[in-house]
Amino acid sequence: MGDLIGLVAVSAPFLMVFGIVWISSQKKLEEKRIAATAEATSEKAAQYASHVQELESRVRVLERIVTDKGYDVASQIEALRDVRAVEEKGSGVQMNFDQKEKA
C-alpha cells in the first residue's frame, strides 16, 4: 500500500502538467473551430442577403406590373425575359465606328 501512495505522489505532478497542456490545446482547437464556423456563417449570411435583395427587387417589378393599369401584363413579362436573355448571353455585336462602309 505504501508503494502505491509513493507512486501516486511521484506521478501526480506529471499528470497535472499533462492535464494542463491537454486542456489548453483543447481550448485552442475549440477557439479555431468557433472562428471557422463564424466565418462560414457570415459568408452564408452575405450570400443569403444578396439573394434576398434580388428576390425583393423581382417582387417589386412584379407588383408594379400587376398594379399598373392599362398595360398588357403578358407583353411586359416577355419584355423582361428578353432583357434578361440579352444581359445573360452578353449578346450583341460590337460596332466599329472608325471604319466607313464602302459602296
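Counting heavy-atom neighbours within 6.0 Å of Glu39 CD, excluding the residue itself, gives a total of 12 or less. Other residues, nucleotides and ligands contribute at most 12 non-hydrogen atoms within 6.0 Å of the CD atom of Gln53. Heavy atoms of other residues, nucleotides or ligands lying less than 6.0 angstrom from CD of Glu31 number more than 12.
Annotation: the span from Ser11 atom OG to Met16 atom CE amounts to 11.5 Å, rounded to 0.5 Å. To the nearest 0.5 Å, the span separating CD on Glu63 from CD on Glu56 amounts to 10.0 Å. Distance OH/Tyr48 to CG/Leu55: 12.5 Å, rounded to 0.5 Å.
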Worked check of side chain to side chain contact (heavy atoms under 4.5 Å, CB included) between Val61 and Arg58: CA-CA 5 Å; Val61 169; Arg58 292 177 75 182; 5.7 Å; no
Side chain to side chain contact (heavy atoms under 4.5 Å, CB included) between Thr37 and Arg33, worked out: CA-CA 6 Å; Thr37 303; Arg33 186 186 66 79; 4.2 Å; yes
